[in-house]
Amino acid sequence: MEFDLKTIEALAPDQASLNAASKLTKRSNWPRLEQNEQQALIWGECQGSGSNPYRVVVDTGDHGYKCTCPSRKFPCKHTLALMWIAATVPASFAAAESTPEWVNDWLGRRRKTTPPPAQSIPGPAAKSIDEAARTDESAAVEDIAAVERREAAQRKRAEDTRQAVSAALDELDQWIADQLRLGLSGFVDGSSERCRRIAARLVDMKATALAGRIDEIPSRLMALRSEERPDAAIRELGKLVLLAKAWRSAPDDPELKRLVSTSETREQVLANPDARQVESFWEVLGEKIESRRDGLVSHSTWLLDLKSTTPQFAVLLDYFPASAGRRSNAFAPGDRFDARLVFYPSRKPLRALVAERMGEVISGAWPDFAFGAAKDPLAAHASYQDAAPWITDCPLMLPPGAILVDDRGTGWWQAADDPQGIALPIAGAVNQTLLGLDLAATAALWDGARLDLLAAQSGFGRLDLS
Amino acid sequence: MNEGEQTGLATMRDCWITGGTTFDLAPTAWKTIACDASPDEQERRLLAIAAQALDVALRPAAPKTLKRRPPLPRLSPPMLPERLRPLLRAALKQAADARRKTRVVTLVASRGFVLHPMDWMPAASDQNSPDVYAPWIDWQANVDGERHAPQDNLTVENWDEFYPAARCIALADMRRSEPASARLLIEAKASGESAEVRLALIELMRFGLKPEDAPFLKSLSADRSGKVRELADRMLARLGEHGRPSDGGPDDPATELAAFISEGKSGFIRRRSIYTPAKLKSPAQEKRRAELFETCNLVELAARFGATEPEFIGAWQFGADDNADIQIAQMVAASGSDAAVTHMADALVADGGKPALLVLHLTPRLDSRRRRALVRLVLKQANYLSAINLAEGIDAGWLEWGDLSNGQALAALRSAVAGNDDARRRGADDILETIGFLATATTAAKLIDEVVAAGMPPAAPSLGVLRLNAALAEHQSLTDT
């Protein structure tokens, strides 16, 4: 590997990037570090602040690089950290005979350019890798008084936020009552403007997460047929009422706080002794990447626990600014890995973080879930709703069934042994080939009106439907 | 949720849609929960209950018109191994159009695998994908799925029990083994089919076309469809027969076309006729000549000069007018006899140079040996390498390393890959994709090494088909051992 610290110093966009990179050079941040000497490539997966790991690849020959993080700095701290590890502890990289698919994708897209001369810029913009390395060691020792002052300020900020959120929910209550009085027909027609207005008020009053949810109501309504929208509006607004009431009764509840104002940090979740931890084999069922009205892109990766005999799911959820451009996926559907996940505390834990990756797992069929007894494919949804009635998207593992179409071309999932029974409408267009396949098990998200297919097992093997 | 609650919910819902208070309309149990609050709060509480009722207690009503497709048939060859599917998807993604995608599918079929239906499905109108996919083509075409393809031989009696694609494949097989029986079957059943199906059935007569087929083809001169009549005429022309005899007068198209061709003499001792395209004076003339080449038959045109088809082709002055050369090549492909087609192909390939590329128009009618000879020639000459992208109907997986290294092809590819000319690089990408289809697995692997050494990124998308080709062999050898 052809890295020295001077090169990294020269490539770094600023001193702050070097400082940040130095904190990521610990081996524990990198569940995967590999190299292919023939192709002069090193790559790795860095567990950053997001739920999904960032994938970083560096061409050691010409110093070309790619990272899946949304940073606008080039190279980002993850890339610098990977180079730094390569320069200082090259033995950390396991030799790989072939390059993974995501590295191949990057290689296929990139155009080779002549590397710019790596020279340090003198003057005020100069960067020092020594200084970055020292940053960690020279963490200032705060005195007790300062700590107390900081904690007091934090408590005051928390109290201010709580009061602001409480006022925001009062305003939301009034807004909901107004919508009912004025009629849901008008609400559906003008939902875009009306939701934007109240969402803006909620942001001002620190109920940021709730504002984001309300901002998405119009697009959720518009995804349905016009005759379904009033019912959907009742469901959406009714859930807001329940969420507001629940928060008032327990404003410090971490789940409710997360849904109304702000989420815990990754470090807080990992440090929480009450957070549920599951070490298992996980399969990536699929990814959902949605642009939101608040300018963020939500990126959710749905996972299935392969060691559990009942369907157990987890979702890795990240948000990043839409302006950061299209982001490469962290996982490919069907990927399997051995990992310890830590779940965000909640009544029905779904959102999780990858705390530790132990390695890859060979592909195969899903566990044999016992579907026999449950006749109702939405039983799991009802159970989620009983525990946390504010949940909108609920993961389901549907029993053997098939996809059918109605006169309008909408797809419906129906259980194989219940042809006259419940059928669930599918969101979006259905791949016509799917209509000829018997599905042994189907993983999907149910939002109360539509089924969003993720993956299925069939006589033709695993089907990627996301 | 009981019936009373359902009725209450429906009335509350209607009230909320138009706007207003619903407390009085609510079911009694719900009222109890909502009663001790302000009017606004009452509505919110009822809304929360209604939301949960809609979410949990009600289930979507399935329309009675839900239709189920018949199960997708399983194909007999094994499915492409899971680990090769990413390579396949990359190759399909790189293939720009249906024709190139079909080449990828054909390559995989030539190694004994079929694709996963979620990776690729033939269209209902597909006529170029490997025969093994006929059940899927029929599945695509047959929306209701009432018929089932029988395992028996196709006969007049079981004609309707076959799906169209399966029927075409059975007929094509019959034309190769028992051409007369197949003709009798087509003769008996074609008239009852639509023009589109009739055309496809008559098209099958090209397999094993013999003079015995002429009476049936002549009978088609009265067919309702103009396209069928034209096709029958072209087939008759291939047999050296005239479908609709012409009078030879000045209005006759063949006579008109002959006027666009100058006859001359060449040679000092043995004077022989030569045919050269006349110099055209206007785009209108150019257009008219193209139309005439399309509608006339080679045998009729040759007859205007008192020559046989091979004599006429042998005396044609290739290289004098590129457009006329292309038009006559297309005419030979459409209506020339088998002898004329092979004569033209052999002569042009033997002479080499640019005119040899005209053989590309004849490839659908050439046998496998001649098609391969053409590809080898194009690769050897290397001046018009991109011409191999146009070749039709060529087998997959036969091109050996010697075929590539015996000439300038490799050097030209290396130079295009290493250079900075984007247009040349794109051209090289297309050629690599085509060679990916034609090459043996060993050749594919060697060629990847060669172009990577020349500077192409190892994971370049244009190497997709080559990578798949090489990997398919690896897998085969693993399963064989």
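- With B:Arg44 contributing its side chain and A:Asp173 its backbone, the two residues share a donor-acceptor pair below 3.5 Å.
- Note on A:Asp406, A:Val241, A:Val405: by heavy-atom pairs under 4.5 Å with chain B, the leading option is A:Val405.
- Interface residue A:Pro425: only side-chain heavy atoms are found under 4.5 Å from chain B.
- Residue B:Pro73 touches chain A through its backbone alone, counting heavy-atom pairs closer than 4.5 Å.
- Residue contact with chain B, scored on non-hydrogen atoms closer than 4.5 Å, involves the side chain of A:Leu465 exclusively.
- When all heavy atoms are compared, the tightest approach of B:Trp139 to A:Leu435 is CZ2-C, 4.2 Å.
- Of the atoms belonging to A:Gln174, heavy atoms from both backbone and side chain fall under 4.5 Å from chain B.
- Contacts between A:Leu463 and chain B at a heavy-atom distance below 4.5 Å involve the side chain alone, from C-beta outward.
- Using a 4.5 Å cut-off between heavy atoms, A:Asn431 contacts chain B through its side chain alone, with no backbone atom that close.
- Of all heavy-atom pairs between A:Arg462 and B:His116, the closest is O-NE2, 4.1 Å.
- The most heavy-atom pairs under 4.5 Å with chain A, out of B:Gly20, B:Ala57, B:Ala460, come from B:Gly20.
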Assess the residue pair B:Trp16 and A:Gln179 against the criterion (side chain to side chain contact (heavy atoms under 4.5 Å, CB included)); give the C-alpha distance rounded to whole Å, side-chain angles, the decisive distance to 0.1 Å, and a yes or no. CA-CA 9 Å; B:Trp16 276 327; A:Gln179 305 314 310; over 6 Å; no
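- Comparing A:Ala177, A:Gly448, A:Pro230, A:Pro389 by how many heavy-atom pairs each has under 4.5 Å with chain B, the most go to A:Pro389.
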Please step through salt bridge (Lys or Arg N to Asp or Glu O under 4.0 Å) for the pair A:Asp407 and B:Lys67, ending with a clear verdict. CA-CA 8 Å; A:Asp407 288 345; B:Lys67 275 189 197 155; 5.0 Å; no
Apply side chain to side chain contact (heavy atoms under 4.5 Å, CB included) to residues A:Gln414 and B:Arg68 and explain how you reach the verdict. CA-CA 10 Å; A:Gln414 194 165 49; B:Arg68 173 126 203 231; over 6 Å; no
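- Note on B:Arg45, B:Glu43, B:Met118, B:Glu41: by heavy-atom pairs under 4.5 Å with chain A, the leading option is B:Met118.
- If you tally non-hydrogen atom pairs under 4.5 Å between each of B:Met121, B:Met456, B:Glu82, B:Lys64 and chain A, the highest count goes to B:Met121.
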Could you walk me through whether A:Ile234 and B:Leu47 pass the side chain to side chain contact (heavy atoms under 4.5 Å, CB included) test, one step at a time? CA-CA 7 Å; A:Ile234 291 173; B:Leu47 179 75; 3.9 Å; yes
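- Interface remark: of the candidates A:Leu437, A:Leu378, A:Leu434, A:Asp464, A:Leu378 forms the most heavy-atom pairs closer than 4.5 Å to chain B.
- When all heavy atoms of A:Trp412 and B:Pro63 are compared, the pair lying nearest together is CZ2-CD, 3.3 Å.
- Ranked by heavy-atom pairs shorter than 4.5 Å toward chain A, the options B:Leu463, B:Thr65, B:Asp55 are led by B:Asp55.
- Residue A:Trp106 does not touch chain B at all, counting heavy-atom pairs closer than 4.5 Å.
- Note on B:Ile17, B:Asp40, B:Leu72: by heavy-atom pairs under 4.5 Å with chain A, the leading option is B:Ile17.
- Here A:Leu180 is the residue among A:Leu184, A:Leu180, A:Leu237, A:Leu242 with the most heavy-atom pairs under 4.5 Å with chain B.
- Only the side chain of A:Ile176 comes within contact range of chain B, with heavy atoms under 4.5 Å apart.
- Contacts of B:Arg85 with chain A are made by side-chain atoms alone, with heavy-atom separations under 4.5 Å and no backbone atom involved.
- For the pair A:His381 (side chain) and B:Val56 (backbone), a donor-acceptor distance under 3.5 Å is absent.
- Contact of B:Thr21 with chain A is not made at all, since no heavy-atom distance falls under 4.5 Å.
- Contacts with chain A were tallied for B:Ser462, B:Pro117, B:Pro461, B:Ala50; B:Pro117 has the most, counting heavy-atom pairs under 4.5 Å.
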